[in-house]
Every structure is written in structure tokens, then in C-alpha cells.
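Nothing fancy with the numbering, it's 1 onward along the sequence.
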Amino acid sequence: MLIVTAVAHIIDMEVIGDGDYLRTMAVLFYISNEAISVFENAGALGVPLPKKLTEILEQLKDDNGGENDEIN
């Protein structure tokens with residue numbers, strides 16, 4: 001995680017030259033990924049979550065769960 005953020009920062013500074021776009025995108029990706037994990041674990045422990053959030057987490061789980069399926 002730190003290496004990806006560092007490389008994104010280096011690319012921002014050396015290749016793009018101005019701004020911090022790639023670094024910010026990398027950091028936000030990791031923040032959102034960890035937030036999803038926290039909500040999934042909280043739901044598994046029985047913490048009541050809003051219905052809409054539960055539906056979104058189920059949809060994400062269904063999208064990621066089929067990665068071992070055969071491609072037709």
C-alpha cells in the first residue's frame with residue numbers, strides 16, 4: 001500500500017509535474033477499500049446497518065464472488 005502510494009506520488013511529481021492526482025486516487029482507493037471491509041465485518045458481527053448499505057454490500061459481494069466462474 002505504501003509502495004503504491006509512493007510510486008503514484010513520484011509519477012505525479014516527475015511525469016505529470018504538477019498536482020497530486022495519482023497519489024490522491026491511490027489513497028482514496030485504499031480508504032474506500034478499508035471502509036467497505038469495516039462495514040462488511042460489522043454486518044457479520046451483527047451490528048445493524050442501514051438497508052441500503054446492506055444491499056450495496058451484497059451487490060459488491062455478488063460482483064466479486066463470480067471471479068472463479070468459467071467464462072463462456
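- Hydrophobic clustering (side-chain heavy atoms under 4.5 Å, transitive across Ile, Leu, Val, Met, Phe, Trp, Tyr) groups Ile11 together with Met25.
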Throw together a table of side-chain donor-acceptor distances under 3.5 angstrom for residues 33-58, partners on residues two or more places apart or in other chains.
| unit_1 | atom_1 | unit_2 | atom_2 | d |
| --- | --- | --- | --- | --- |
| Asn41 | ND2 | Ser37 | O | 3.2 |
| Thr54 | OG1 | Pro50 | O | 3.1 |

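- Placement of Val7 and Val27 in two distinct hydrophobic clusters is found when ILVMFWY residues are connected by side-chain heavy-atom separations under 4.5 Å, directly or transitively.
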| said: Between Val4 and Tyr30, does the side-chain contact (heavy atoms from CB on, under 4.5 Å) criterion hold? Intermediate values first, please. | reply: CA-CA 10 Å; Val4 171; Tyr30 285 116; 3.5 Å; yes

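- Ile31 contributes atom CD1, which lies 9.5 Å from atom OG1 of Thr24 (distance to the nearest 0.5 angstrom).
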